Every structure is written in structure tokens, then in C-alpha cells.
Number of protein chains: 2
Amino acid sequence: MADFRGRPAYLQIADDIRSQIIDGTLQAEDRLPSEADLMADYGVSRIVVRNAVEVLRSEGLVVKQQGRGSFVRAQRPQRTRVVGDLYSERPEASPFAASARASGQVPEWEYQTRRTTASKTIADRLGITAGDPVMRTSYRFFADGEPAMLSTSFEPLAITEGTPVEQPEGGPVTGVVPRMDAIGIHITHVVEDVTGRSARPYEAETLKVPVGVPILAIERTYYAKSRPIETADIVVSSDRYVLSYRLPVPPRTDRPTPI
Amino acid sequence: MADFRGRPAYLQIADDIRSQIIDGTLQAEDRLPSEADLMADYGVSRIVVRNAVEVLRSEGLVVKQQGRGSFVRAQRPQRTRVVGDLYSERPEASPFAASARASGQVPEWEYQTRRTTASKTIADRLGITAGDPVMRTSYRFFADGEPAMLSTSFEPLAITEGTPVEQPEGGPVTGVVPRMDAIGIHITHVVEDVTGRSARPYEAETLKVPVGVPILAIERTYYAKSRPIETADIVVSSDRYVLSYRLPVPPRTDRPTPI
DNA sequence: TCGTCCTACTTGTTATAACGTGTCGAGTGT
DNA sequence: ACACTCGACACGTTATAACAAGTAGGACGA
């Protein structure tokens with residue numbers, strides 16, 4: 001392979017394939033040439049073509065499957081977790097629920113609830129003291145039979161203990177806001193802190209995505225006035241989800257000094 | 001190296017080093033043993049130790065520097081891009097300036113504005129026709145002198161052409177909301193669609209992060225009623241930023257039926 | 001003293017080779 | 001017709017080898 005500008009061969013090959021993906025020569029789901037083909041096409045060793053494809057894989061443009069080949073990855077995420085004026089905590093509940101249930105035995109979500117005590121991190125987020133009793137609930141949400149979202153929520157038992165809504169699931173009402181309404185606590189706002197990072201091994205396994213794929217991690221906390229009521233760690237594959245936040249912009253009332 | 005469970009050696013070594021990072025044996029900024037050291041320590045070939053370190057690099061736990069070594073990467077993001085309160089408290093200030101001030105940073109940015117025509121993607125987002133004239137502005141935001149955020153915004157010239165606020169920057173007022181207020185268009189809400197993915201080469205270079213590090217990509221669109229007024233593509237390193245969304249939860253009577 | 005050069009050490013790139021493991025279809029036997 | 005086997009082919013893992021390129025510190029000369 002001509003050593004153009006001294007730029008490493010594997011990067012040039014990656015550039016070449018990438019441009020083919022962008023200009024549509026290679027389309028979503030298409031199989032890339034095999035490693036042997038690429039070796040012949042570019043006249044390089046296998047390690048070079050593997051490095052090239054690895055670059056594209058780390059960019060999320062390509063997925064590899066042992067025994068089958070490397071494939072151009074579908075680009076746009078398909079599902080949207082909408083958060084905003086019409087706040088919904090169960091994105092699967094509406095459009096996807098039917099198909100998920102119809103197509104298999106897998107329920108839309110499964111959960112596990114247990115009493116435990118607050119770690120320091122959770123205590124800070126809930127405004128309580130480390131070691132205070134909390135109700136911890138872990139969820140796995142499914143869409144089309146595939147794991148799509150993980151969530152672990154924490155509620156101070158000081159708030160719910162002994163009430164009809166002590167159990168987050170299986171009671172007369174579900175969802176944090178209605179449950180808290182039922183015991184006279186009215187949620188006023190929710191804060192979501194969003195970060196992106198690579199999937200940890202446990203998350204990759206549970207969400208059935210390749211290790212290292214970027215995921216979105218959300219720290220969500222519900223408040224009644226300034227009092228934290230519930231907090232949760234939510235993990236979604238950024239392949240499959242867009243987070244859509246719709247925020248009101250109130251009309252201008254005053255005119256503070258500009259920047 | 002003992003071939004435990006048939007799990008590949010490089011993954012076992014990655015596990016080993018990862019646990020040392022998590023339990024603090026290796027702390028932030030510490031140098032990992034060199035490849036030669038790891039080869040000797042684990043009794044494997046260089047390709048195995050390189051694969052192992054590559055796993056950690058793709059997880060964002062480690063950065064490599066040619067000629068120096070591999071280093072444990074500082075973990076937690078330090079800055080927060082707050083969205084929510086800002087729109088109600090200080091509608092005049094641009095979100096970035098307000099966020100930077102909130103974290104005690106001096107905001108700096110550079111920009112480039114030019115007239116162009118809308119691509120199909122942008123036209124769809126702005127509710128106009130592909131080829132319609134738009135004003136395109138690319139920003140690079142800095143914090144502490146380091147590039148921190150990239151943004152490319154588009155405004156239909158049908159809205160601003162010939163007005164005092166045709167230029168997004170350099171005019172009497174800045175920020176989308178106040179500028180549009182000045183010409184009688186009142187922004188009612190903003191939608192931010194958040195996705196996570198790996199940094200593309202251009203983004204990695206411009207943001208000065210390693211290639212493949214996860215970034216957060218935001219599609220932001222301002223609306224006046226249901227009419228799109230401005231849309232922007234924003235990219236931030238997920239290492240350095242948390243997106244914090246504060247959303248009101250309307251009182252019970254206004255709320256849609258719970259799940 | 002100070003700057004330059006050299007060298008040792010580090011990761012980066014590439015080649016060759018071999019075997020392991022997963023996939024899939026063609027061929028075979030019932 | 002159908003199930004099973006097997007082999008071709010794909011990517012996965014690992015070894016050995018060599019040279020390139022970036023870094024840092026010590027040796028050396030001005």
C-alpha cells in the first residue's frame with residue numbers, strides 16, 4: 001500500500017471504508033469485505049486490516065460478528081425516551097408495549113425490590129444519612145424482547161414505610177408521581193443528570209451490547225419542593241435510545257444585565 | 001498465564017488492571033507498568049498486553065501516550081451544563097455563558113458565521129425546504145483555555161434576514177431567545193435530543209480528547225409555539241461534562257393519565 | 001552554565017504464522 | 001423429505017520479529 005504522507009496504512013484504509021459508508025457505497029447492514037479480501041485489495045497484512053476495521057468499530061460505524069463478518073451498523077437510534085412536559089417514566093408502555101408482549105413471553109419489564117440501607121452516595125442524593133433504610137428496586141426494561149434499559153431506584157423508607165405504596169410495584173398505583181400523590185406528597189420537579197461513558201462489563205452483558213459501546217447514564221431525582229423523594233440510576237444503550245428533553249422557556253418578564 | 005475458564009488472556013489481564021484502578025491500587029494519573037513489564041509479569045506476548053490495555057482505553061479508564069506510557073485517566077466530569085432553570089432565571093444569557101459562570105469559569109468562545117443553504121436534515125429540523133437560505137454559525141467554546149464544546153447552529157434567513165439580529169454574534173443582543181424577542185418572536189420551548197457515541201476524528205482532535213472516547217451529541221431546537229426558529233448540533237466530551245436537566249412536573253390535574 | 005546530542009525506554013506500526021471458535025450451507029445418510 | 005455431518009469461511013486469540021516515532025534524562029561540548 002502506498003504510504004501516503006506517512007499516515008499509517010490502517011488509518012488510510014479506515015478512511016477509505018468510512019467514506020464508502022458515508023457516501024452510501026456501503027449501506028446499513030451491508031457486509032464489509034472479509035479480512036482476507038481486504039488484505040488482497042490493499043496488499044497489506046491481516047493486522048493492518050484488523051486495525052482499520054477496529055477503528056471503525058470504535059467509532060460505532062461497524063459491528064463485527066465472529067463467523068459471519070463485519071457489517072455497517074444502522075446509524076440512527078430507533079427509540080426515544082421522551083422527558084419533558086409530558087413526563088413519562090415508562091417509554092415502553094406506549095408504542096412498543098404491544099409488540100413486545102405479542103412477540104414473546106418476555107414481559108415489558110422485570111423488577112426486584114428489597115429493603116436495604118443507603119450508601120453515602122445515595123444518602124447524599126436523597127438528603128438523608130448513610131445507613132438510613134431505603135427501598136431499592138432494580139428494573140430491567142425490554143423492548144421487542146431485547147433488554148433496553150436498566151434502572152435502580154431508591155426511596156427513603158422514612159417516607160413510604162407503612163403506607164399502601166411502600167412497594168413500588170404491585171400496589172394499587174404505579175409510577176413515582178402517582179404513588180407519592182396517593183400519600184399526599186406532590187412531586188414538583190425532576191432533575192436528570194446525563195453522562196455518557198463506555199458500557200461496563202455488567203451493563204454490556206445485561207443490555208446485550210458489545211463491550212465498550214457508549215451508553216447514557218442518567219441520575220434521576222424527583223423532588224417535592226426542595227425535598228428529594230426518589231432517586232434512580234438509569235442506563236440505556238445510546239445505540240438504541242435518544243433522550244428527548246422538552247423544556248419550557250417562560251416569557252420574558254424583566255431584563256437583567258446581559259453577559 | 002493460567003487459562004482460567006478459557007477466557008482470553010487479554011481480558012483477564014484487563015480485568016486485573018481494571019480492578020486495581022477501581023480499588024485504588026492504581027490511582028488517577030499513575031503510570032501503568034510498561035508493555036515490557038506486563039509481558040514479563042503475566043508471561044504473555046506483547047500483542048496480549050496491548051489488547052488488554054486497549055480494552056481499558058476503550059472503556060475510558062486509561063490513556064496512552066507514545067513514548068511516555070499508559071496512564072490511569074481521571075474519572076469524574078468536572079463541569080455541568082445546566083439546562084432548565086437557566087431559561088427561567090436568566091433568559092438573556094446564553095446557556096453556555098450561564099453554565100460557565102455557574103461553575104466559576106470565564107466563558108470564551110470563537111465563532112464563524114456564514115450564509116448557506118439548508119441540507120435536507122437541517123431543513124427537516126427547521127420545517128423549511130432543502131435549499132432554503134439559512135445562517136450557519138459554528139462555535140468553539142473554551143473553558144480554562146481548553147476546548148470544551150462544539151456547536152453548529154442554523155437559523156432560517158426567512159426569519160432574520162434584514163433585521164438587526166441577522167448576525168447571531170456581534171449585534172446589540174446575543175443569545176437566541178433575546179435576539180428573537182427583539183424581532184417580536186417569542187421562544188416558548190426548546191427540545192434537546194441527547195445521544196451518546198464515540199468521538200469522530202474531527203471532534204476528538206478539536207476537543208483534544210483521545211479518539212473513541214464517548215461524547216454527548218445534542219440536537220437542540222428552539223420553538224416559538226410549534227414553529228422551529230433555530231436548531232443546533234452540540235458536541236461535548238462526556239468526560240468533562242454532565243448535562244443537568246431540571247424539569248417541572250405539572251400538578252396532578254394537568255398530568256396525563258399515569259401508566 | 002547552557003544548549004545539543006545521544007541513548008535508553010516507551011508506545012506505534014507492520015509482517016508472518018498458527019490455531020481456536022462461530023456460522024452456514026452443501027452433501028450425506030436415513 | 002429431513003436431520004445430521006462436515007468443511008469452507010468468517011472473525012478471535014496469541015506468538016515472534018522488526019523497525020518507526022515520541023519522550024526524557026544524562027553525557028558532552030561550547
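Throughout, protein chains are lettered first and strands after them, A, B, ... in sequence-line order, and every chain is numbered starting at 1. Owing to the predicted nature of the structure, the values given are computational and were not obtained by experimental measurement.
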Can you list every salt bridge (charged side-chain N to carboxylate O under 4.0 Å, His left out) pair that touches residues 23-32 of chain B, not counting sequence neighbours?
none
So, does [X] get its side chain near the phosphate of [N], meaning an N or O under 4.0 Å from OP1 or OP2?
X	N	answer
K64(A)	dA10(D)	no
S70(A)	dA10(D)	no
R68(A)	dC11(D)	no
Y10(A)	dT13(C)	yes
S34(B)	dT10(C)	yes

Euclidean distance, atom [atom1] of residue [X] to atom [atom2] of [N] [Å, nearest integer]:
X	N	atom1	atom2	result
E54(A)	dT13(C)	CD	C1'	15 Å
R7(B)	dT14(D)	CZ	C1'	16 Å
Y42(B)	dT13(D)	OH	P	18 Å
N51(A)	dT13(C)	CG	P	8 Å
M39(A)	dC9(D)	CE	C1'	14 Å
F71(B)	dA24(D)	CZ	P	8 Å
R50(A)	dT14(D)	CZ	C1'	11 Å
L38(B)	dT14(D)	CG	P	14 Å

Any chance you could list the contact pattern along nucleotides 15-20 of chain C? Use B for base contacts, S for sugar-phosphate-only contacts and - for none, protein heavy atoms under 4.0 Å, 5' to 3'.
BB-B-B
Contacts of D37(B) meeting salt bridge (charged side-chain N to carboxylate O under 4.0 Å, His left out) (sequence neighbours excluded), chain-then-number -> none
Stems in DNA chain D, runs of 3 or more consecutive Watson-Crick or G-U wobble pairs with both distances under 3.5 Å, sorted by first number, are C:1-30 with D:1-30
Out of T195(A), L243(A), V235(A), which one pairs with I218(A) under the side-chain contact (heavy atoms from CB on, under 4.5 Å) rule?
L243(A)
Donor-acceptor contact below 3.5 Å, side chain S238(A) vs main chain P214(A):
yes
Those residues that, when tested against T206(A), pass side chain to side chain contact (heavy atoms under 4.5 Å, CB included) (two or more places apart):
R140(A), L150(A), Y202(A)
Who are the side chain to side chain contact (heavy atoms under 4.5 Å, CB included) partners of R46(A), not counting sequence neighbours?
E35(A), M39(A), V49(A), R50(A)
With a 4.0 Å cut-off, would you call R125(A) and E230(A) a salt bridge?
no
Shortest non-hydrogen contact from S151(B) to I234(B)?
OG-CG1, 3.9 Å
Between A36(A) and G67(B), which is nearer to the 5' end of DNA chain D once each is assigned its nearest nucleotide?
A36(A)
Mutual orientation of the aromatic rings belonging to Y245(B) and Y245(A) [parallel < 30°, tilted 30-60°, perpendicular > 60°]
parallel
